[in-house]
2 protein chains.
Amino acid sequence: MAEFMTETERRSPAVPHPGTAGEQRAGTGDAGAGPLDGHTEGQREGHPGTPEAAVLLERTRAAVDPELRAALTSLPGPLRRIALYHFGWQNADGTPAAGNAGKAIRPALVLAAAAALGGPAARTAAVRAAVAVELVHNFTLLHDDVMDRDTSRRHRPTAWTVFGVADAILAGDALQALALRLLAEDPHPASGPAAARLAGCVVELCAGQHTDTDMEHRAPDEVTLDEVLAMAEAKTGALLGCACALGALYAGAGDEEVAALDGFGRQAGLAFQLIDDVIGIWGDPRHTGKPAGADLAARKKSLPVVAALASGTEAAAELAELYGKPYVPGDDEGIARTARAVERAGGRDWAQAEAADRMARAVQELSRAVPAPEAADGLLALAEFVTRRSS
Amino acid sequence: MAEFMTETERRSPAVPHPGTAGEQRAGTGDAGAGPLDGHTEGQREGHPGTPEAAVLLERTRAAVDPELRAALTSLPGPLRRIALYHFGWQNADGTPAAGNAGKAIRPALVLAAAAALGGPAARTAAVRAAVAVELVHNFTLLHDDVMDRDTSRRHRPTAWTVFGVADAILAGDALQALALRLLAEDPHPASGPAAARLAGCVVELCAGQHTDTDMEHRAPDEVTLDEVLAMAEAKTGALLGCACALGALYAGAGDEEVAALDGFGRQAGLAFQLIDDVIGIWGDPRHTGKPAGADLAARKKSLPVVAALASGTEAAAELAELYGKPYVPGDDEGIARTARAVERAGGRDWAQAEAADRMARAVQELSRAVPAPEAADGLLALAEFVTRRSS
């Protein structure tokens with residue numbers, strides 16, 4: 001389950017990631033994985049290449065937050081309290097909090113896609129869909145935290161640790177219902193297809209989370225690269241794709257354009273996941289918020305690791321042996337050896353190249369639906385922000 | 001949380017319940033609580049007064065099951081398997097099972113309401129809404145079983161005990177999404193308002209379940225009768241009301257008729273819960289499937305108990321003292337004393353009277369929207385079936 005979560009665990013302002021041969025070959029330059037969620041502060045300074053993304057995210061929060069808060073406030077008392085806590089707008093005791101509802105990448109994609117295909121009017125019309133997508137995202141976070149027993153999110157104790165498992169499940173259930181009610185009540189002609197698409201995406205997210213939890217109980221050599229890629233697409237790509245598709249629907253786009261925007265979001269989401277997994281092994285703990293090698297210590301079957309294991313190399317055999325034994329706390333040398341084995345087996349190079357390839361596919365999908373470069377700018381800026389490409 | 005569950009724990013064919021002074025005064029005659037769910041076998045024999053209900057339920061299963069199975073079969077593999085197991089159509093190993101998907105009371109209410117207000121065409125049009133309501137009901141069962149750690153449902157191990165907590169949560173999430181997707185994809189003009197109403201009902205169900213779990217952790221004297229009634233309405237009445245309202249919507253009914261049918265279902269649901277709680281204390285274990293007094297042994301804050309505690313009588317004080325101490329397994333005399341205290345404090349009489357009053361209100365609501373007796377017949381038969389009134 002970690003993949004879907006890691007986005008929030010690495011929320012420090014990103015800095016250019018030291019390049020490697022693999023990265024250069026892959027053409028991702030100084031790419032560094034970044035959060036899909038988290039604080040926005042320091043964004044502009046940290047990302048000279050993506051000032052537009054920071055502006056888009058700020059504008060998104062301004063457009064979405066009032067409707068989002070109104071939706072949460074419509075919940076019955078106890079559920080409202082859990083939801084407002086989860087979104088960072090209340091403390092556990094119900095007093096107002098500074099607020100840290102995440103970066104709003106998904107709502108920003110909805111609005112940017114609507115604007116790209118339908119201009120400012122479509123962007124305004126799509127605000128409710130943006131809120132619905134953000135509600136669905138947070139419903140999955142609430143439930144995933146319960147399943148994964150994660151105790152921290154956005155620098156605060158997770159909802160289930162504060163309110164109990166039952167209430168965290170119920171609050172998640174209510175957020176899903178709220179999301180689909182918002183769309184059902186929206187008189188816009190796109191609301192029906194959007195609701196159907198969002199509900200279908202929820203099923204895909206659930207299947208992805210199932211595969212993720214299931215794979216944790218299997219031996220590394222029982223997990224194929226195709227499976228991990230499919231899982232990452234279902235868990236991370238699907239909702240990014242759905243966000244873009246909903247924006248397209250609200251712009252009145254046709255089936256082909258909607259499918260292309262879904263593809264754009266999916267491929268960008270996979271690129272994000274690949275780079276996030278690289279950071280999970282070689283990332284600088286000062287910037288990722290967790291020790292370098294944390295994913296290796298947890299014996300996580302991340303994309304570079306599974307690619308390395310599948311390489312048939314000598315290093316793969318060594319990696320399999322290292323992964324077969326539990327991590328001994330404090331064994332930094334063991335982690336370093338494991339990281340080297342992944343790298344020697346080609347896991348790092350593959351992940352960087354695959355990420356670059358996915359981004360190329362994303363751009364290609366986008367150009368099918370939005371040929372004018374200036375119209376595509378916002379979506380591209382968000383995709384680059386998500387994958388932290390400053391090149 | 002027991003209330004929402006008990007409907008499935010008492011699924012034996014009901015028999016006339018020995019009348020009491022209270023019952024006679026309340027006019028509920030030989031009412032006995034019955035399941036909202038469970039086996040249908042023996043229904044006709046057990047309920048000479050409600051043959052129509054048995055016919056309606058059988059017809060409902062025939063109309064709803066193909067669409068329901070198709071919806072479940074559309075789920076990705078692992079989620080499909082959990083869902084088909086939960087619905088009783090597969091064994092844990094994935095082989096076909098005899099099937100025991102419950103009595104389909106809620107879908108029957110959808111179809112009966114549609115037929116009452118719009119005739120056979122509306123009934124046919126409403127099948128998808130009936131499936132959606134059944135999916136929502138089962139989503140809540142999957143999650144409630146996790147929260148309540150209930151290990152048995154419909155005579156089989158609960159899904160979480162077979163597939164684990166994470167997968168049971170995910171399957172529930174997917175069923176909610178499936179329900180709302182079915183409505184979103186339905187071209188019928190009522191599908192939008194129906195989806196909005198069903199999603200709003202989910203929020204109410206979640207709030208009811210929250211109150212129920214919350215009340216379990218409070219002392220009996222910290223729970224008011226109004227609270228328990230509100231909880232029962234949210235947990236049990238809301239979805240029965242929503243089922244009737246959706247049927248009305250699919251019949252093209254106006255706001256007032258929809259509201260009246262919602263009220264009919266809610267009041268009938270409350271009547272059911274009151275009688276179910278009476279059975280939970282005085283019911284015959286041969287017929288309820290659990291020992292008489294089981295609710296008392298669990299110190300459950302059921303409606304008759306809370307009413308008794310609030311009576312200000314000497315018996316109330318005795319009951320409070322008995323409830324203040326944990327049940328000692330095997331202490332049948334203690335349970336018998338507790339039951340007598342509830343009865344002497346007026347808890348049984350009140351519950352019977354209140355149930356009769358709720359049924360009267362239900363009938364009144366129904367007559368507002370469906371004045372012709374023959375059109376209302378199906379809904380009345382189902383309400384009587386639910387509350388096991390054979391008079």
Side-chain angles (χ1 to χ4, degrees), chain A residues 1 74-80 82 136 139-140 143-144 146-149 163-187 191-214 216-217 234, chain B residues 1 74-80 82 136 139-140 143-144 146-149 163-187 191-214 216-217 234:
Chain A
M1 43 248 27
S74 79
L75 289 171
L79 300 176
R80 180 168 63 230
I82 303 160
V136 160
F139 130 62
T140 65
H143 282 193
D144 286 359
V146 166
M147 292 176 225
D148 305 345
R149 290 287 185 269
F163 300 98
V165 164
D167 279 357
I169 294 175
L170 291 169
D173 290 343
L175 292 193
Q176 185 189 172
L178 215 47
L180 292 163
R181 196 179 73 187
L182 271 184
L183 292 178
E185 287 173 346
D186 188 354
S191 65
R197 199 159 187 116
L198 186 57
C201 181
V202 167
V203 173
E204 192 173 354
L205 294 169
C206 292
Q209 169 74 356
H210 164 84
T211 306
D212 196 8
T213 54
D214 182 59
E216 281 205 351
H217 305 114
Chain B
M1 47 242 27
S74 78
L75 289 172
L79 299 177
R80 178 168 66 232
I82 303 161
V136 159
F139 129 63
T140 66
H143 282 193
D144 286 359
V146 166
M147 292 177 225
D148 306 346
R149 289 286 184 273
F163 300 97
V165 164
D167 279 357
I169 294 175
L170 290 169
D173 290 342
L175 292 192
Q176 184 189 172
L178 214 48
L180 292 164
R181 195 179 74 187
L182 271 184
L183 292 178
E185 285 173 348
D186 188 354
S191 65
R197 200 161 186 116
L198 186 57
C201 180
V202 167
V203 173
E204 192 172 354
L205 294 169
C206 292
Q209 170 74 356
H210 164 83
T211 306
D212 197 7
T213 54
D214 182 60
E216 281 204 350
H217 304 114

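The sequence lines fix the lettering, A, B, ..., with proteins before strands; numbering per chain opens at 1. Only heavy atoms go into these numbers, but all of them, side chains included; no hydrogens, no water, no symmetry mates.
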Measure the shortest side-chain to side-chain distance between A/V165 and B/M147 over non-hydrogen atoms and say whether it is less than 4.5 angstrom.
-> no
Spacing of CG belonging to B/D167 relative to CD belonging to A/Q209, to within rounding of 0.5 Å = 9.0 Å
If you tally heavy-atom pairs under 4.5 Å between each of B/S74, B/A177, B/A171 and chain A, the highest tally belongs to B/A177
Which distance, rounded to the nearest 0.5 Å, do you find between the CZ of A/F139 and the CD of B/Q176?
-> 7.0 Å
Got a second to check how far A/H143's NE2 is from B/H143's NE2, nearest 0.5 Å?
-> 5.5 Å
Might you point out which heavy atoms bring B/P78 and A/H210 nearest each other, and give the distance in Å?
-> CB-NE2, 3.0 Å
Looking only at heavy atoms, what is the nearest atom pair of B/V203 and A/A174, with distance?
-> CG2-O, 4.1 Å
When only pairs under 4.5 Å are counted, which of B/G192, B/C201, B/A196, B/G200 shares the most heavy-atom pairs with chain A?
-> B/A196
Identify, with sequence neighbours excluded, every residue that meets salt bridge (Lys or Arg N to Asp or Glu O under 4.0 Å) alongside A/R80.
-> none
Between B/V136, B/V202, B/L170, the one whose heavy-atom pairs under 4.5 Å with chain A are most numerous = B/L170
Atom OG1 in B/T140, atom CG in A/D173: separation rounded to 0.5 Å?
-> 9.0 Å
All heavy atoms of A/A195 vs all of B/A184, minimum pair found to be CB-CB, 3.8 Å
